[in-house]
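Below is one structure; the comments refer to it alone.
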Amino acid sequence: MTRTPVNVTVTGAAGQIGYALLFRIASGQLLGPDTPVRLRLLEITPALKAAEGTAMELDDCAFPLLAGIDISDDPRVAFDGANVALLVGARPRTKGMERGDLLEANGGIFKPQGEAINAVAADDIRVLVVGNPANTNALIAQRHAPDVPAARFTAMTRLDQNRAYSQLAKKLDVTVNDVKRLAIWGNHSATQYPDLFHAEVNGKNAAETVNDQKWIEADFIPTVAKRGAAIIEARGASSAASAANAAIDHVHDWVNGTAEGDFVSAGVVSDGSYGVPAGLISSFPVTSTGGDYEIVQGLAIDDFSRARIDASVAELAEERDAVQGLGLI
Ligand SMILES: NC(=O)C1=CN([C@@H]2O[C@H](COP(=O)(O)OP(=O)(O)OC[C@H]3O[C@@H](n4cnc5c(N)ncnc54)[C@H](O)[C@@H]3O)[C@@H](O)[C@H]2O)C=CC1
Ligand SMILES: O=C([O-])CC(=O)C(=O)O
């Protein structure tokens, strides 16, 4: 192996997504079969021992691409020289916690992490925020990294996209390989808008192929938007392997490029496209060439889609105002 290893920092490494994610990164699925990786794991102090256990298992896999593992509870150490950062660790909502409390607790995590990325990460750093509320946590981190191009901070809505692919494929009795250009708009929350009106199934418009507006409104959209809650209800724990899988998809396509003629979903900093206020981190249809996600331009938005996008973006603006009110950005 002659290439210099890529430094991949993963926060929340001892958590359940971390456990599903690290082995796939180390096996080459994140960056490709020719790219060695060095893992930098960030955990809170009480979870360091568990992270060490996971590192022992990673060693025991003898992955040819894994050039080393470092573990730390200090963001300035864990993000030092990071080329890719997956911000998974977050403060989950617990009983009796108000939304403001949740935003404040996460501000206490994502503000210092943004500052550390600004101070010590590599110049080509690319950040994916998975920890919820993902879009607003990404916004907090981005605002505390003024020297890093804003476009390098993204939030994960790829799991929502993958869920939408499966639901549509089942409905039409096709495979996910027949589906293209199915994107999520807005927030990674129950207000998100999975858009069938620009999606294609075997080259034909997906909404027209479904030809069932009632199913789209009463079944498809709520099923995708509330899938996370349904998994928690069924599994007694939130999505982990599927979330890790989506994180792999997101970074893989960002770095290696999206397929010609297709687009994917990612929470990226708005430039004002489609009336989404500039600066919000909102999900859009995006393509990547040359290592940059760019918002797909020129899609016609009808009244139905407009109302859905506006509702989710309004929620993002509320979250931004709340963290602004708390002095977090
Ligand atoms: N965007 C998306 O599509 C999805 C997001 N999520 C979110 O991902 C996050 C992680 O989920 P799980 O792994 O299941 O949770 P988990 O609770 O199993 O693991 C979280 C880990 O983060 C660590 N952590 C907490 N604060 C930290 C800090 N300041 N620095 C480093 N590590 C820290 C904890 O010690 C814990 O090990 C949650 O916020 C969850 O809601 C989950 C599924 C999908
Ligand atoms: O609500 C959660 O913690 C899990 C989540 O984001 C999802 O599964 O989409």
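When hydrophobic clusters are built by joining Ile, Leu, Val, Met, Phe, Trp and Tyr residues whose side-chain heavy atoms come closer than 4.5 Å, directly or via intermediates, L86 is grouped together with I69. Under the 4.5 Å side-chain contact rule for hydrophobic residues, L30 and L41 share a cluster. Follow the hydrophobic side-chain contacts under 4.5 Å out from V77 and you never reach V120; the two are in separate clusters. In this structure, V6 is not a member of the same hydrophobic cluster as F79, with clusters built from ILVMFWY side-chain heavy atoms closer than 4.5 Å. Hydrophobic clustering (ILVMFWY, side-chain heavy atoms < 4.5 Å, transitive): V179 and W215 are in one cluster.
Partner of S189 under the side-chain hydrogen bond (donor to acceptor under 3.5 Å, both in side chains) criterion, chosen from E315, E319, K226: E315. For the side-chain hydrogen bond (donor to acceptor under 3.5 Å, both in side chains) test with R40, the passing option among D80, D70, T9 is D70; the others fail. Partner I329 forms a side-chain contact (heavy atoms from CB on, under 4.5 Å) with one of D321, I140, T136 and no other, that one being I140.
Under the 4.5 Å side-chain criterion, counting only non-hydrogen atoms from C-beta, T35 is not in contact with L65. No side-chain heavy atom of P75 sits under 4.5 Å from any side-chain heavy atom of E115. No side-chain heavy atom of V210 sits less than 4.5 Å from a side-chain heavy atom of F220. Side-chain atoms of P285 and W185, non-hydrogen and from C-beta on, do get closer than 4.5 Å to each other. Looking only at side-chain heavy atoms (C-beta outward), V255 and L31 come within less than 4.5 Å of each other. Side-chain contact check for P194 versus I221: some heavy-atom pair is nearer than 4.5 Å. Put simply, the side chain of T54 reaches to within 4.5 Å of the side chain of Y19, judged on heavy atoms. Counting heavy atoms from C-beta outward, D249 and Q161 have side chains that stay 4.5 Å or more apart.
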Criterion side chain to side chain contact (heavy atoms under 4.5 Å, CB included) on R158 and N245, from CA distance to verdict:
CA-CA 9 Å; R158 187 63 176 264; N245 178 67; over 6 Å; no
Test log, rule side chain to side chain contact (heavy atoms under 4.5 Å, CB included), inputs F197 and I216:
CA-CA 10 Å; F197 294 89; I216 293 174; 4.3 Å; yes
Could you go through the side chain to side chain contact (heavy atoms under 4.5 Å, CB included) check for I281 and L316 one step at a time?
CA-CA 8 Å; I281 297 193; L316 284 172; over 6 Å; no
I would like to know whether Q142 and V127 meet side chain to side chain contact (heavy atoms under 4.5 Å, CB included); could you show each step before the answer?
CA-CA 9 Å; Q142 183 263 316; V127 182; over 6 Å; no
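Side chain of R91 to main chain of D101: no donor-acceptor pair is present (N/O by atom type, distance under 3.5 Å, no hydrogens or angles). With N135 contributing its side chain and H188 its backbone, the two residues share a donor-acceptor pair below 3.5 Å. Side chain of T154 to main chain of A266: no donor-acceptor pair is present (N/O by atom type, distance under 3.5 Å, no hydrogens or angles). Side-chain N or O atoms of R235 include one that pairs as donor or acceptor with a backbone N or O of S238 at under 3.5 Å. A donor-acceptor pair under 3.5 Å links the side-chain atoms of S312 to the main chain of N187, judged by distance alone. No side-chain donor-acceptor contact under 3.5 Å links N7 to the backbone of N83.
Using a 4.0 Å cut-off between charged nitrogen and carboxylate oxygen, K171 and D212 count as a salt-bridge pair. Between R306 and D303, no side-chain nitrogen of the basic residue sits less than 4.0 Å from a carboxylate oxygen of the acidic one, so the salt-bridge criterion is not met.
Nearest heavy atom pair, residue N118 against residue D147, reads OD1-N, 2.8 Å. Between L326 and G100, the closest heavy-atom pair is CD1-O, 3.8 Å. The heavy-atom pair separating R181 from Y165 by the smallest distance is N-OH, 3.6 Å. Considering all non-hydrogen atoms of both residues, M156 and A243 come closest at CE-O, 3.4 Å. Taking both residues in full, the closest heavy atoms of F63 and S27 are given as CE2-CB, 3.5 Å, listed atom of the first, atom of the second, then distance. Annotation for E43 and A51: closest pair CG-CB, 4.2 Å, computed over non-hydrogen atoms.
In this structure, R152 CZ and D123 CG are separated by 8.0 Å, a value rounded to the nearest 0.5 Å. In this structure, CD on E57 lies 7.0 Å from SG on C61, to the nearest 0.5 angstrom. Distance CZ/R76 to CG/L42: 12.5 Å, rounded to 0.5 Å. How far CZ of F153 is from CD1 of I117: 4.5 Å, rounded to the nearest 0.5 Å. Here the straight-line distance linking atom CG of L299 with atom NE2 of H198 works out to 4.5 Å at 0.5 Å rounding. One finds the CD1 atom of I184 at 13.5 Å from the CZ atom of F284 (value rounded to the nearest 0.5 Å).
Side chain to side chain, R163 and S239 meet the donor-acceptor criterion of an N or O pair below 3.5 Å. In the model, N177 has a side-chain atom that pairs as donor or acceptor with a side-chain atom of T175 under 3.5 Å. D262 and T258 share no donor-acceptor pair across their side chains, judged by distance under 3.5 Å alone. Counting only N and O atoms by type, the side chains of D73 and T45 include a donor and acceptor under 3.5 Å apart. Between the side chains of Q192 and T157, no donor-acceptor pair is found at a separation under 3.5 Å. Side-chain contact annotation: D302 with S305, donor-acceptor N/O pair under 3.5 Å present.
By the neighbour-count criterion of 12 heavy atoms within 6.0 Å, atom CD of E260 is sparsely surrounded, having that number or fewer from other residues, nucleotides or ligands. Environment of CG in D60: crowded, with over 12 heavy atoms of neighbouring residues, nucleotides or ligands closer than 6.0 Å. In this structure, R320 places its CZ atom where more than 12 heavy-atom neighbours from other residues, nucleotides or ligands lie under 6.0 Å away.
Taking the six-membered ring for Trp, H250 and Y293 have ring centres closer than 6.0 Å.
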